[in-house]
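Below is one structure, written out as structure tokens; the observations come after it.
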Amino acid sequence: MATIKVKNLRLRTYIGIKEEEINNRQDVIINVVIHYDAGAAVQENAIDSALNYRTITKEIIRHVENGRFALLERMTHEVLAIVMEHEGVLSAQVEIDKPFALRYSDSVSVSLSARRD
């Protein structure tokens with residue numbers, strides 16, 4: 001079992017419910033943890049045998065930067081769905097931070113996880 005971690009993917013998108021948030025892009029920080037069976041990748045040492053985290057990350061970037069979200073929960077759910085669409089993923093966790101969402105706080109985050117049965 002391998003663990004892939006995409007750490008601190010910094011993107012800008014429309015996130016929130018206030019008029020100011022709806023009209024202006026804001027920063028979000030995305031962390032993704034993916035578990036998959038890397039046996040074939042280790043044996044064959046070939047990209048075709050590995051889970052392509054670059055492809056997954058590009059899909060996340062495209063979706064988040066082109067999207068509009070009222071809630072962090074919804075954005076986190078949609079990013080997790082993108083990750084889980086890939087057959088090789090056995091389980092995944094996504095955490096998305098919205099920096100400075102609360103006064104006196106570095107950020108607010110939502111985390112969701114999924115597991116393939």
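All heavy atoms count here, side chains included; hydrogens, waters and symmetry mates do not.
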- Is there a side chain to side chain contact (heavy atoms under 4.5 Å, CB included) between Val83 and Ile56 once you walk through the steps? CA-CA 6 Å; Val83 175; Ile56 295 171; 4.0 Å; yes
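- Through direct or indirect side-chain contacts shorter than 4.5 Å among Ile, Leu, Val, Met, Phe, Trp and Tyr, Val33 is connected to no other residue.
- Nearest heavy atoms, Pro99 versus Ile29: CG-CD1, 3.9 Å.
- Residue pairs meeting the salt bridge (Lys or Arg N to Asp or Glu O under 4.0 Å) criterion with at least one partner in residues 21-32, sequence neighbours excluded, are Arg12-Asp27, Glu21-Lys98.
- Across all non-hydrogen atoms, the minimal contact from Ala101 to Val108 is CB-CG2, 3.9 Å.
- Considering all non-hydrogen atoms of both residues, Ser107 and Asp97 come closest at OG-OD2, 2.7 Å.
- Ile17 is not listed as a side-chain neighbour of Ile22, based on a closest heavy-atom distance of 4.5 Å or more.
- Residue pairs satisfying the side chain to side chain donor-acceptor pair (under 3.5 Å) criterion with at least one member in residues 66-75, sequence neighbours excluded, are listed as follows: Arg74-Glu78.
- Considering only heavy atoms from C-beta on, Val89 comes within 4.5 Å of Arg116 through its side chain.
- With sequence neighbours excluded, the residues forming a side-chain contact (heavy atoms from CB on, under 4.5 Å) with Ile82 are Glu59, Ile60, His63, listed by chain and number.
- Contact of the Thr76 side chain with the Leu71 side chain is not registered, since no non-hydrogen atoms from C-beta on lie closer than 4.5 Å.
- Criterion: ILVMFWY side-chain heavy atoms under 4.5 Å apart, direct or through other members. Under it, Val110 and Tyr14 are not part of a common hydrophobic cluster.
- Taking all atoms of both residues into account, the shortest heavy-atom contact from Ala41 to Tyr36 is CB-OH, 4.1 Å.
- Considering every non-hydrogen atom in both Val32 and Ile30, the closest pair reads CG2-CG2, 3.8 Å.
- To the nearest 0.5 Å, the span separating CG on Leu72 from OG on Ser109 amounts to 8.0 Å.
- Heavy-atom neighbours of Asn23 CG from other residues, nucleotides or ligands within 6.0 Å: above the threshold of 12.
- Here OH of Tyr53 is found 10.5 Å from CD1 of Ile34. Values are rounded to the nearest 0.5 Å.
- Taking both residues in full, the closest heavy atoms of Thr13 and Phe69 are given as OG1-CE1, 3.7 Å, listed atom of the first, atom of the second, then distance.
- One hydrophobic cluster, built from ILVMFWY side chains closer than 4.5 Å, cannot hold both Leu51 and Val42; they sit in different ones.
- Under a 4.5 Å side-chain heavy-atom cut-off, the cluster of Ile, Leu, Val, Met, Phe, Trp and Tyr residues that includes Leu90 is completed by Met1.
- For the pair Gln93 (side chain) and Ser113 (backbone), a donor-acceptor distance under 3.5 Å is absent.
- Between Lys18 atom NZ and Asn24 atom CG the span is 12.5 Å, to the nearest 0.5 Å.
- Taking CG of Leu80 as the start and OG of Ser91 as the end, the distance is 10.0 Å to the nearest 0.5 Å.
- Taken to the nearest 0.5 Å, the CD atom of Glu44 stands 3.0 Å off from the OG atom of Ser49.
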Please table the atom pairs, donor to acceptor, closer than 3.5 Å between any side-chain atom in residues 3-11 and protein atoms at least two apart or in another chain.
| from | atom 1 | to | atom 2 | distance (Å) |
| --- | --- | --- | --- | --- |
| Thr3 | OG1 | His35 | ND1 | 3.0 |
| Asn8 | OD1 | Asn31 | ND2 | 3.4 |

